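Just follow the structure's listing: the first ligand is 1, and inside any ligand the first atom is 1. Predicted, not measured: the structure shown is a model, and the values here were computed from it.
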Amino acid sequence: MAQRVRKAVLPVAGLGTRFLPATKVIPKEMIPVIDKPVVQYAIEEARAAGIEEFIFVSAMGKEAIAYQFQPQAQLEHLLSEKGKTAELKLIRDINLPAGKLHTVIQGDPLGLGHAVWCAKEIVGNEPFAVMLPDDMVLSDVPCLKQLIDAHAKVGGHVVAVEDVPRDQTNRYGVLDVTSEEGRLAKAKGLIEKPAPEKAPSTLAIIGRYILDPIVFEELDKQTRGAGNEIQLTDALSRTIGRVPFHGYRFEGKRYDCGTRVGFVEANVAFGLAHPEMGPRLRPLLEKLLKN
Ligand code: UTP
C-alpha cells in the first residue's frame with residue numbers, strides 16, 4: 001500500500017497569454033466558469049479527494065488566487081449582520097484551514113517543471129498531487145480521487161491520461177505504453193509535445209498528477225527542454241525504472257480552459273450540469289442553435 005497523498009501543488013504562475021486581454025489584470029485562474037473562479041473547482045476537487053494541504057506556486061500580481069480561500073472578516077461580518085446566511089455559507093465553505101494554505105512565488109516562469117520544483121521544501125519527502133486548474137474535469141468521482149485510489153494500489157507516479165486526436169500530440173506529454181490493465185497504462189517512456197508522426201501513442205497527460213518525490217532529484221538539475229523551459233515530463237521520464245509509472249484513463253470529461261473555445265465549452269458543460277441552472281439553460285441553448 002502506497003503512502004497516503006495529503007498535499008496538492010497548484011502551479012498558477014503562468015502568464016495566460018492565450019487569454020489576453022481578459023488576463024491583463026485578472027489572473028486567468030480567477031475568471032469564473034458559471035459562478036465560481038476556475039481555481040475554486042480545482043480546490044473543491046482536491047478537498048473531495050482528501051487533500052489536506054494546498055500549495056500555490058504563484059507569481060507577483062496573482063495574490064487574488066490565494067485570497068479566494070482565506071477568511072474575509074469584514075465581508076463575513078456584513079453578510080451576517082444583513083442575515084444573508086446562504087451567501088455567508090458560500091464564502092465560508094471555501095476558506096481553507098489556517099496553516100494549510102501555502103504560497104510560494106516562482107520568480108521567473110521557467111516552465112511547469114520549475115514551478116513544481118519551487119514547492120519542493122513544502123512538499124518534503126512524500127507523494128503529492130499536482131493540479132493544473134486550467135484543466136477542468138466533469139466526472140462522477142472527482143478525477144483526483146480516481147488517481148489517488150489508483151496510486152494507493154500501484155504507487156510511483158500516476159498521471160491522468162486521455163486519448164487525443166493524433167494531430168494534437170504536439171500539445172501534450174505523450175506516453176510510450178508497454179501494457180494496459182483496466183484503466184491503468186504502464187509506460188516505459190514519456191515524450192513532451194511530440195510531432196504526430198513521432199508520437200509513441202495518442203495517450204496524452206492532462207493536468208492531474210500524483211508524483212513520487214523522486215521527481216525532485218531530477219528537477220534539481222534544472223535541465224531545459226522543449227521551448228527552453230524546465231519540463232515536468234522530462235524530469236518524470238528520467239525517473240522511469242526507478243519508480244513505477246502509470247497513466248490512468250480517468251472516468252469523466254476534461255475541458256481545457258486555457259483556450260478560448262475550451263473556456264466557452266466548459267461554461268456550457270458545467271452550466272448544463274449545474275442543478276439549478278442546467279434545466280433553465282438547456283432550452284435557451286436549444287433555441288439559440290435553432291436560429
Ligand atoms: P500553460 O502552458 O497553460 O501556460 O501552463 P500559461 O502561461 O499559464 O498560459 P499561456 O500559454 O501563456 O496562455 C500550464 C500550467 O502551468 C503553470 C500555469 O500557471 C498553468 O497552470 N505554469 C507554467 C507555471 O506555474 N509556471 C510556469 O513557468 C509555466
How about Glu76 and Asn95: does a side-chain donor come under 3.5 Å of a side-chain acceptor? yes

Which residue owns the protein heavy atom closest to atom 7 (O) of ligand 1, what's the atom, and how far is it? Leu15 N, 2.9 Å

Provide the number and element of each atom of ligand 1 under 4.0 Å from a heavy atom of Gln106. 24 (C), 25 (O), 26 (N), 27 (C), 28 (O)

Which protein heavy atom lies closest to atom 9 (O) of ligand 1, and at what distance to 0.1 Å? Lys28 NZ, 3.2 Å

State whether the number of non-hydrogen atoms from other residues, nucleotides or ligands found under 6.0 Å of Gln74 atom CD is greater than 12. no

Would you check if the distance from the ring center of Phe263 to the ring center of Tyr255 is below 6.0 Å? no

If you count the atoms of ligand 1 from 1 in the order shown, which ones are under 4.0 Å from a heavy atom of Leu110? 28 (O)

Using a strict 4.0 Å cut-off to heavy atoms of Val12, name the atoms of ligand 1 that fall inside it. 19 (O), 25 (O)

Out of Pro109, Gly207, Gly14, the nearest non-hydrogen contact to atom 19 (O) of ligand 1 is supplied by Gly14

So, is the end of the Lys36 side chain (NZ or CZ) under 6.0 Å from the ring centre of Tyr41 and within 45° of the ring's axis? yes

I need the atoms of ligand 1 closer than 4.0 Å to a non-hydrogen atom of Ala115, numbered in the order shown. 24 (C), 25 (O), 26 (N)

Assign the ring pair Phe128 / Phe216 to parallel, tilted or perpendicular, where the plane angle (0 to 90°) is split at 30° and 60°. parallel

Suppose I only count heavy atoms of Leu112 and a 4.0 Å limit; which atoms of ligand 1 are within that range? 16 (O), 29 (C)

Donor-acceptor pair between Gln106 and His114 side chains, under 3.5 angstrom: yes

Do me a favour and list the nearest non-hydrogen protein atom to atom 3 (O) of ligand 1 with residue, atom name and distance? Arg18 NH2, 2.8 Å

Heavy atom of the protein closest to atom 25 (O) of ligand 1 (residue, atom name, distance): Ala13 N, 3.0 Å

Which residue from Val130, Thr17, Leu232, Ile65 reaches closest to atom 10 (P) of ligand 1 through any of its heavy atoms? Thr17

Considering the options Arg208, Gln40, Lys145, which one meets the side-chain hydrogen bond (donor to acceptor under 3.5 Å, both in side chains) requirement together with Glu45? Arg208

State, yes or no, whether a side-chain contact exists between Ile230 and Arg224 at a heavy-atom distance under 4.5 Å. yes

Ion pair check, Arg242 and Glu217, cut-off under 4.0 Å: yes

If you have a sec, work out which protein heavy atom is nearest atom 20 (C) of ligand 1 and how many Å separate them, to one decimal? Pro11 O, 3.9 Å

Just to confirm my output: which protein heavy-atom neighbour is closest to atom 14 (C) of ligand 1, and how far is it? Leu132 CD1, 4.3 Å

Please identify which atoms of ligand 1 are closer than 4.0 Å to at least one heavy atom of Asp134. 3 (O)

Electrostatic pair Lys153-Asp149, nearest N-O below 4.0 angstrom: no

Is there a heavy atom in His114 that sits closer than 4.0 Å to ligand 1? no

Quick one: does Gly111 get a heavy atom under 4.0 Å from ligand 1? yes

